[in-house]
Amino acid sequence: MTTTTGKSPREVLAAVDQPLSKAALPGWTPWALLAASVLVAVAVLLPGGTSIAAVAVLTAIVHLVLTGAVSRAKEGPRKAKDRVVTALVTIAFLLAMVPLVSVVWTVVSNGAARFDATFFTWSMQGVLGEGGGGLHAIWGTILVTLIATLISVPVGLLTAVYLVEYGGKSTLARAITFLVDVMTGIPSIVAGLFVAALFVILVGPGTKLGIMGSIALSVLMIPVVVRSTEEMLKLVPNDLREAAYALGVPKWRTIIKVVLRTSISGIATGITLAVARVAGETAPLLVTVGTTVATNFNPFEGRMATLPVYAYYSYTQPGVPPQPGIDRAWTAALVLIILVMALNLAARMISRFFSPKAGR
Amino acid sequence: MSTPTQQPTRDPGPGGRGTLATGTTRKGDAVFKGTSTGAGVLILLVLAGVAAFLIGQSIPALTASPEDLPEGQTVTAYVWPLLFGTVLAAIIALLVATPIAVGIGLFISHFAPRRAAQTLGYLVDLLAAVPSIVYGIWGAVVLSAWLVPIYQWLERNAGFLPFFDGPALPSGRTMLTAGLVLAVMILPIITALSRDVFLQTPRLHEEAALALGATRWEMIRYAVIPYGRSGVVSAAMLGLGRALGETMAVALVLSGARIITFDLIGAANPLTIAANIALAFPESSGLTTNTLIASGLALFIITFLVNFAARWIVSRSGAKA
Amino acid sequence: MAKLIDVSDLNIYYGDFLAVDSVNMTIEPRAVTALIGPSGCGKSTFLRSLNRMHEVIPGARVEGKVVMDGQDLYDKDVDPVAVRQHIGMVFQRPNPFPTMSIYENVAAGVRLNAKRMKKSDMDELVESSLRGANLWNEVKDRLDKPGMGLSGGQQQRLCIARAIAIRPSVLLMDEPCSALDPISTLAVEDLIGELKNEYTIVIVTHNMQQAARVSDQTGFFNLSGVGKPGQLVEMDSTSTIFSNPSQKATEDYISGRFG
């Protein structure tokens with residue numbers, strides 16, 4: 001497989017027949033090279049004025065070149081390639097951390113300005129310019145997401161039960177599996193459009209209701225719940241089902257009291273992650289729920305504000321002067337991030353602390 | 001037969017069983033099986049509903065004469081530039097995200113210290129937890145500002161390429177910025193999927209390579225990458241599906257129009273289907289609404305095909321392994 | 001409590017594949033019946049068809065009769081779930097419920113069926129079942145600990161306690177000792193010797209010494225040829241099978257010439 005063309009057998013043998021100990025660079029080499037790279041980058045860039053980003057980019061390049069050269073000279077080309085690739089994938093990882101850190105930093109620093117009691121106690125009713133808050137949007141997000149969860153969990157859970165426990169290899173089961181896959185890929189805006197189109201027929205054009213948003217989010221949430229629950233149910237050993245059957249327990253009780261009971265923490269984790277995923281959705285809510293300035297607790301009557309849509313309109317139509325609106329947008333984004341991250345954290349806690357301690 | 005108890009001390013067995021004859025258990029089973037089957041069928045109906053309502057609400061726009069439609073164009077002419085923008089943005093995202101995601105996947109699966117790997121993987125997953133609206137605002141405010149000097153440099157030094165024709169937009173809110181935001185958004189899903197395939201490489205293949213004296217990179221080159229190739233391709237396809245349908249990031253970053261241009265850093269930027277719906281739908285009515293729904297139908301079909309292809313690649317390689 | 005089971009012309013299928021061909025057998029009450037034979041000859045399949053566990057596998061079905069107390073277990077009016085409440089089963093690998101304590105595992109047969117029972121009655125049932133499985137003295141101080149925390153042999157006896165807690169008439173054991181170490185095996189074998197005073201016991205085993213040690217009757221299963229279904233070659237008292245079998249195949253198997 002390696003490129004041996006153009007080499008005589010003797011050369012090939014020499015390449016294969018290597019001594020056991022070879023010159024190797026000491027363990028601290030990568031760090032030393034990194035330090036050297038930083039110095040070089042700063043020295044080159046400082047005279048012309050510089051930024052952290054420029055230094056980081058140049059450091060990465062210099063580091064790659066230095067690593068390759070030093071290792072090649074001391075350890076040979078194969079080892080050098082290995083070191084360069086190691087440096088490359090590490091850089092790829094660090095590169096991905098840049099947006100994460102930047103997003104979190106930007107949102108926290110900009111959102112902190114209005115992260116105050118007023119934001120959590122006021123809606124936007126009668127507010128122009130400064131002040132006002134996102135209470136109505138927080139309630140809206142909680143309500144819309146909660147109803148979506150109440151719709152999605154039973155449907156998703158039961159579908160997964162059907163697929164794992166009853167469906168087997170039947171045509172219906174395969175069709176459902178396929179369509180769940182399709183649903184996983186539905187763009188969120190299309191889910192919103194579907195519900196909008198549905199309510200045009202049911203109620204009339206231009207309808208915007210909280211429940212519409214919940215249904216749209218359910219379309220996005222159900223496949224996630226089905227998938228994760230399915231995985232968890234498949235992990236339950238068949239031995240346990242047989243043990244229950246052998247005790248004269250009917251299948252449905254076996255499923256509820258043994259299968260679901262055993263996998264409940266994994267299922268709860270999956271559901272929490274699904275909630276986290278849809279809680280931050282903007283596009284479907286934009287076309288189904290719209291927004292409003294006052295708190296609305298009735299999902300069947302009138303528009304509702306939700307955090308993502310509130311952040312969107314506060315940012316795109318901040319009003320005059322714009323700054324208070326933009327500040328509110330950042331704070332809404334911050335609250336949303338905290339909510340979603342908290343849900344993610346909760347999911348991890350559930351899977352860590354509530355899984356059965358099965359040492360099989 | 002009667003209660004099977006002959007022992008005087010332990011009468012009627014626990015709970016007192018009756019005969020062997022069919023009892024209530026079958027009813028319970030039938031109800032539960034029926035309910036769960038019904039839930040599955042409901043999913044079929046919902047998806048049929050999605051397709052049916054989108055088609056049903058598209059028909060008025062598809063059959064109307066062009067003069068009555070927005071911009072006085074047929075639906076096809078209306079959707080075409082949006083489709084161009086959608087595919088362009090998604091391809092930029094894919095080209096940027098895939099190599100980085102594969103690198104991160106390898107880093108977490110084979111290069112990072114064992115104990116740290118899980119935490120590092122979790123950090124990448126956090127990228128997926130950031131809501132799209134936040135990415136949108138971040139892209140419009142922070143990332144675009146970062147990119148302005150780079151765009152100016154590109155215009156000066158690579159302006160001969162159609163992509164960097166310029167003149168570079170001073171706000172930096174261009175197609176390339178939108179594509180990069182999308183790249184950040186699809187990075188975690190591609191990373192997670194490719195990491196999983198890399199981790200599934202049979203230990204035996206890896207050890208065989210190492211036993212032959214391969215360095216870590218050679219082991220990855222000859223054992224891990226061939227094994228994971230189709231997995232990475234399908235991960236990229238799923239990422240592409242995400243990027244095609246992503247709405248808010250594009251809607252917030254771009255002040256786009258329905259145009260076709262390959263200039264990625266200029267002032268005129270093509271809008272995507274999803275972003276166009278988000279921007280226009282709230283204020284739309286009548287045939288405009290129908291036209292937007294028709295464009296949504298087009299988006300649905302494209303993402304469906306892309307996702308279908310991804311699954312097909314997975315199932316084909318799965319059968320081979 | 002113990003009951004006699006009469007099997008006649010039993011054919012067992014997986015889909016279209018005939019796995020076991022026309023078995024006729026009488027299983028005596030208050031005795032241990034051992035089923036021996038080479039791997040894949042259908043003895044476990046046959047065992048599972050006795051309490052209708054066979055049909056849990058998709059496509060699996062049975063033709064013929066299994067009569068207990070004058071009632072054919074495969075009669076169309078018979079509920080397989082009820083059959084399993086009368087004929088308990090112990091599996092090859094110990095399978096206590098991981099989410100349940102030792103106490104709850106023994107009580108599982110009652111609780112999972114949502115039968116109401118007074119706390120004192122339940123305590124008594126759990127104690128008598130654990131005593132019946134020779135496990136009471138080892139676990140009485142930690143009944144609320146998870147069943148998974150026990151050793152393999154203890155887990156298997158816990159599973160036996162769980163099976164006898166529903167007071168079955170018959171107890172089926174599918175290679176109950178194959179996953180256990182010799183000391184645990186001895187404990188389970190001793191237990192089988194005691195249980196036969198109250199139950200009809202059918203045990204599948206790979207271990208011929210075990211069959212000779214614990215059983216009163218022995219049935220030898222074998223494949224009638226490669227790709228052909230398994231069948232019952234002969235059935236007799238254990239001493240006869242091991243000293244003077246009537247079939248050449250049985251003698252070959254017992255003397256270790258194949259299998």
Side-chain angles (χ1 to χ4, degrees), chain A residues 1 78-79 81-82 85-86 88-90 92-93 95-97 99-100 102-103 106-107 155 158-159 161-162 166 172 175-176 179-183 185 187-190 193-194 197-198 200 205-206 219 222 250-252 276 280 282-283 286-287 290 308 311-312 315 329 333 336-337 340-341 344, chain B residues 25 28-29 32-33 35-37 39-40 42-44 46-47 49-50 53-54 56-57 100 103-104 106-107 111 120 123-124 126-127 129-135 137-138 142 146 184 187 215-218 222 241 244-245 247-248 274 277-278 281-282 285 289 293 296 299-300 303-304 307 311:
Chain A
M1 266 208 261
R78 289 176 59 209
K79 192 73 188 147
K81 211 181 233 174
D82 191 55
V85 172
T86 309
L88 265 178
V89 295
T90 314
F93 175 78
L95 195 59
M97 290 300 103
L100 182 65
S102 170
V103 164
T106 315
V107 174
V155 174
L158 284 169
T159 303
V161 165
Y162 170 76
Y166 290 108
L172 180 63
I176 292 173
L179 291 180
V180 167
D181 276 345
V182 171
M183 266 175 102
S188 58
I189 186 90
V190 172
L193 275 185
F194 154 63
L198 175 71
V200 165
V219 172
I222 287 173
K251 186 166 183 170
W252 66 282
T282 317
L286 201 61
V287 298
Y312 174 74
Y315 176 75
L336 196 58
I337 280 203
V340 174
M341 297 280 174
N344 272 283
Chain B
T25 58
D29 262 335
F32 191 67
K33 184 180 181 184
T35 320
S36 41
T37 313
L42 184 67
I43 289 187
L44 297 185
V46 167
L47 212 74
V50 172
F53 285 115
L54 290 182
Q57 291 291 301
I100 297 176
I104 300 171
L106 283 175
F107 176 74
F111 286 92
L120 299 180
L123 282 178
V124 179
L126 275 185
L127 274 177
V130 177
S132 57
I133 180 81
V134 177
Y135 275 123
I137 303 182
W138 173 78
V142 180
W146 284 359
V184 173
L187 192 64
T215 62
R216 185 160 51 179
W217 163 242
E218 285 161 349
Y222 294 115
L244 288 170
T247 314
M248 299 319 294
I277 295 171
F281 196 88
S285 62
T289 307
I293 291 178
L299 180 63
F300 179 53
T303 48
F304 172 80
N307 284 310
R311 309 271 169 206

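Chain A is the first sequence line, chain B the second, and so forth, proteins listed ahead of strands; every chain is numbered from 1. Because only heavy atoms are used, hydrogens play no part in the values below, and waters and symmetry mates are left out as well, while side chains stay in.
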B/N307 side chain to A/V182 backbone, donor-acceptor under 3.5 Å: no
Structural part of B/L244 lying under 4.5 Å from a heavy atom of chain A: neither
Largest heavy-atom contact set with chain A, pairs under 4.5 Å, which of B/F300, B/W146, B/F111, B/Y135: B/F111
Pairing residues for B/R311 by the salt bridge (charged side-chain N to carboxylate O under 4.0 Å, His left out) criterion, not counting sequence neighbours: A/D181
Shortest non-hydrogen contact between B/T215 and A/R78, atoms and distance: N-NH2, 3.9 Å
Option in B/T289, B/V130, B/L187, B/L120 with maximal non-hydrogen atom pairs under 4.5 Å from chain A: B/L120
Region of A/L198 in contact with chain B, defined by heavy-atom distances below 4.5 Å: both
Portion of A/V103 that has a non-hydrogen atom of chain B nearer than 4.5 angstrom: both
Least distance between heavy atoms, B/W217 atom then A/D82 atom: N-OD1, 2.6 Å
Contacting region of B/I293 [heavy-atom separation from chain A under 4.5 Å]: both
Smallest separation among heavy atoms of A/T282 and B/S132, with atom names: OG1-OG, 3.9 Å
Residue pair A/P99 / B/V184: nearest heavy atoms and the distance that separates them: CB-CG1, 3.7 Å
Which portion of A/V155 sits near chain B, non-hydrogen atoms under 4.5 angstrom: both
Heavy-atom contact with chain B under 4.5 Å, split by part of A/F93: both
CD1 on B/I277 to CD1 on A/I189, rounded to 0.5 Å: 5.0 Å
For A/L193 against B/G296, the heavy-atom pair lying closest together: CD1-CA, 3.6 Å
Partner chain B: residue of A/L88, A/T90, A/V161 with the largest heavy-atom pair count (under 4.5 Å): A/T90
Which portion of B/V46 sits near chain A, non-hydrogen atoms under 4.5 angstrom: both
Heavy-atom pair count under 4.5 Å with chain A, highest-scoring of B/I137, B/L299, B/L42: B/I137
Side chain / backbone / both / neither for A/V340 at chain B, heavy atoms under 4.5 Å: side chain
Partner set under side chain to side chain contact (heavy atoms under 4.5 Å, CB included) for A/L172, not counting sequence neighbours: A/Y162, A/S170, A/I176, B/T37, B/V41, B/L44
Largest heavy-atom contact set with chain A, pairs under 4.5 Å, which of B/G56, B/G241, B/P282: B/P282
Proximal component of A/S102, with respect to chain B [non-hydrogen, under 4.5 Å]: both
B/D29 and A/Y166: CA distance, side-chain angles, deciding distance, side-chain contact (heavy atoms from CB on, under 4.5 Å) verdict: CA-CA 11 Å; B/D29 262 335; A/Y166 290 108; 4.1 Å; yes
Spacing of CD belonging to B/E218 relative to NZ belonging to A/K79, to within rounding of 0.5 Å: 10.0 Å
Contact summary for A/I337 and B/P131, nearest pair of heavy atoms: CG1-CD, 4.0 Å
Toward chain A, the part of B/V124 with a non-hydrogen atom under 4.5 Å: both
Contacting region of A/A276 [heavy-atom separation from chain B under 4.5 Å]: neither
Interatomic spacing from CD1 in B/I133 to CG in A/L286 - rounded to 0.5 Å: 8.0 Å
